[in-house]
Number of protein chains: 2
Amino acid sequence: MQPAPLSDRRPYIRDSEDARRAALVAAVLDLVAEGGVEAATLRAVAARAGVTPGLIRHYFGDKDGLMRAAYGQMMAAMVNPCLAAAEAAGADPVARLRAYLAAALDPAALDGRTVALWAAYIHRTRQDAALRAAHEAGYLAFRDALEVLIAALPLCPLRPRVAAIALNALLDGLWLEGGLLPQGFIPGEVQRIALTAAARLLDVPELPETEGPRS
Amino acid sequence: MQPAPLSDRRPYIRDSEDARRAALVAAVLDLVAEGGVEAATLRAVAARAGVTPGLIRHYFGDKDGLMRAAYGQMMAAMVNPCLAAAEAAGADPVARLRAYLAAALDPAALDGRTVALWAAYIHRTRQDAALRAAHEAGYLAFRDALEVLIAALPLCPLRPRVAAIALNALLDGLWLEGGLLPQGFIPGEVQRIALTAAARLLDVPELPETEGPRS
DNA sequence: CCGAGAATTATGCAGGTGTATAATTGAAAG
DNA sequence: CTTTCAATTATACACCTGCATAATTCTCGG
């Protein structure tokens with residue numbers, strides 16, 4: 001009889017496929033945000049998800065599969081809250097637009113990690129057709145929603161498409177700057193600037209008004 | 001006497017330090033634009049520069065040294081043309097601002113390679129102190145120049161700092177969208193949108209006017 | 001023509017990467 | 001309590017990475 005090495009193999013508990021996929025995707029996004037794509041090695045991802053690298057192959061086939069899944073989740077996490085905020089703001093077009101803008105520049109979404117995460121994927125977006133499709137879909141969904149909100153305004157000095165492109169660009173830029181130079185702005189300043197600028201762009205002076213007393 | 005292997009060593013010609021450094025930096029930027037930071041390995045960079053990897057160590061010490069040098073050159077290439085364009089536009093404040101905006105969104109600077117190159121560095125910018133300093137310097141130089149141009153306008157409905165931040169964000173966003181979704185715009189549309197939006201933001205209706213006949 | 005020194009190349013190394021495949025184990029079903 | 005099969009781990013491999021050091025070769029001054 002062999003000495004029975006008592007199995008120094010790591011013990012484990014089984015989990016549902018969904019939970020494992022979610023844990024692995026979350027690990028990827030964490031690592032990419034912290035250390036760029038180069039930090040998201042299969043071994044590092046597996047370790048952070050509390051798993052061994054073989055599981056990644058089991059669930060995603062290959063590293064590209066994992067990265068694609070992670071990208072999809074990232075885009076959804078960036079776009080959906082804005083759509084939901086507008087929906088929750090009621091029927092008044094101005095209030096809806098205000099909620100959308102505020103959600104897009106929400107301080108929680110405005111940290112450098114998110115920007116870094118997004119930037120880390122840009123290159124892959126340009127080469128991998130599946131990623132590019134996901135990117136354009138999420139992107140245009142955001143811009144089209146903006147265009148709908150703008151078209152609902154009582155009067156609009158610019159063609160809705162032009163206004164949507166410009167306002168979307170403004171949001172992107174502010175999101176970038178706010179995330180990359182957090183100490184360059186006082187809290188809430190980015191949102192305030194967005195509303196002020198949008199008010200001038202669209203000729204809607206009441207846009208920046210909040211319910212609180214004005215300072 | 002040994003068989004004298006006739007030296008299968010690669011022949012080479014000496015070159016100036018400046019030329020070698022420039023060639024290596026250019027190789028880095030090319031590779032990063034094409035394949036992200038992960039593509040800029042020492043061996044790949046050396047090969048593209050027509051040199052062997054040892055030279056990189058010789059001139060830059062370390063890979064980080066090389067990456068820093070490349071980043072500095074990239075920032076300069078992005079910011080300087082705009083400053084020069086404004087300078088070349090004469091004394092009229094509106095003309096100067098118009099030239100600055102047009103240069104920032106020049107079709108040549110608006111290709112996806114540049115955007116990818118810039119994005120690829122974002123993560124490093126957040127961790128490497130030297131890179132972050134270079135980033136902030138270039139970035140604020142751009143924005144401060146914009147603020148000066150805006151302050152020189154006859155009237156300004158927004159505080160110059162706010163206007164500069166907003167307009168800078170607009171430029172960043174348009175540059176991004178134009179570079180990333182080139183087929184989403186007709187040629188020149190991005191520049192036109194920038195001028196139109198800036199005109200509304202700053203209340204300078206004559207900004208979009210060009211010297212040609214209006215369509 | 002020739003020596004000297006720096007510019008350049010070649011080689012080796014320790015470690016990390018993605019992937020494939022085989023071995024094991026957990027837990028549900030009988 | 002077994003049996004069974006998928007979920008999970010372990011191991012091996014070929015390749016690539018950045019770095020260090022030693023060996024060459026180009027070029028310039030005498």
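In what follows, every heavy atom counts, from backbone to side chain, and hydrogens, waters and symmetry copies are set aside. Quantities reported herein were computed from a predicted structural model and do not represent experimental measurements. Naming: A, B, ... by sequence-line order, numbering from 1 per chain.
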Exercise for review: Round to the nearest Å and state the distance from A:Asp15 atom CG to D:dT9 atom P.
Suggested key: 11 Å
Check your understanding: Does C:dT8 have OP1 or OP2 sitting under 4.0 Å from an N or O in the side chain of B:Tyr59?
Key -> yes
Practice item. Measure the distance from CD on A:Glu17 to C1' on C:dG26 and round it to the nearest whole Å. Key: 17 Å
Review point. Over how many whole Å does the gap from B:Ile13 atom CD1 to D:dT27 atom C1' extend?
Key: 12 Å
Exercise for review: Write down the distance between CZ (B:Phe60) and C1' (C:dA7), rounded to a whole number of angstrom.
Suggested key: 15 Å
Review point. Within the structure, does a side-chain N or O atom of A:His58 lie under 4.0 Å from either OP1 or OP2 of D:dA7?
Key: yes
Review point. Could you state the CE-P distance from B:Met67 to D:dT17, rounded to the nearest angstrom?
Key: 13 Å
Practice item. Flag the pair A:Arg98 and A:Asp92 as a salt bridge only when some basic side-chain nitrogen lies within less than 4.0 angstrom of an acidic carboxylate oxygen. Key: no
Exercise for review: Please determine, by modelled atom types, if B:Asp128 and B:Tyr71 share a side-chain donor-acceptor pair under 3.5 angstrom.
Suggested key: no
Exercise for review: Check whether any side-chain N or O of B:Arg20 sits under 4.0 Å from OP1 or OP2 of C:dT8, and answer yes or no.
Suggested key: yes
Study note, to complete from the structure: Quick note, A:Arg14 side chain, CB onward, closest among C:dT8, D:dA7, D:dA10 is D:dA7
Practice item. Go through the side-chain N and O atoms of B:Tyr121 and B:His135 and say whether any donor and acceptor fall under 3.5 Å apart. Key: no
Check your understanding: DNA chain D: B:Arg10 or A:Thr52, which has the more 5' nearest nucleotide?
Key -> A:Thr52
Point to revise | Integer-rounded Å distance: D:dT17 C1' and B:Ile56 CD1 | key: 12 Å
Study note, to complete from the structure: B:Glu34 meets the salt bridge (Lys or Arg N to Asp or Glu O under 4.0 Å) criterion, sequence neighbours left out, with B:Arg48, B:Arg113
Review point. If you check every side-chain atom of A:Tyr12, which of D:dC26, C:dT25, C:dA7 has the closest atom?
Key: C:dT25
Revision key, fill the gap. When every non-hydrogen atom of B:Arg20 is compared with those of B:Leu55, the smallest separation belongs to CD-CD1, 3.5 Å
Can you name the atoms? Protein N/O to nucleotides 18-22 of chain D N/O, anything below 3.5 Å, with the distance.
unit_1	atom_1	unit_2	atom_2	d
D:dG18	OP1	B:Lys63	NZ	2.3
D:dG18	OP2	B:Leu42	N	2.7
D:dG18	N7	B:Arg43	NH1	2.7
D:dG18	O6	B:Arg43	NH2	2.9
D:dC19	OP2	B:Lys63	N	3.3
D:dA20	OP2	B:Arg57	NH1	2.2

Revision key, fill the gap. The nucleotide from D:dA7, C:dA10, C:dG26 with an atom nearest the side chain of A:Pro11 is C:dG26
Revision key, fill the gap. Here the salt bridge (Lys or Arg N to Asp or Glu O under 4.0 Å) pairs for residues 173-191 of chain A, sequence neighbours left out, are A:Glu177-B:Arg143, A:Glu189-B:Arg161
Review point. Does B:Phe60 have B:Arg21 sitting over its ring (NZ/CZ under 6.0 Å from centre, angle to axis within 45°)?
Key: yes
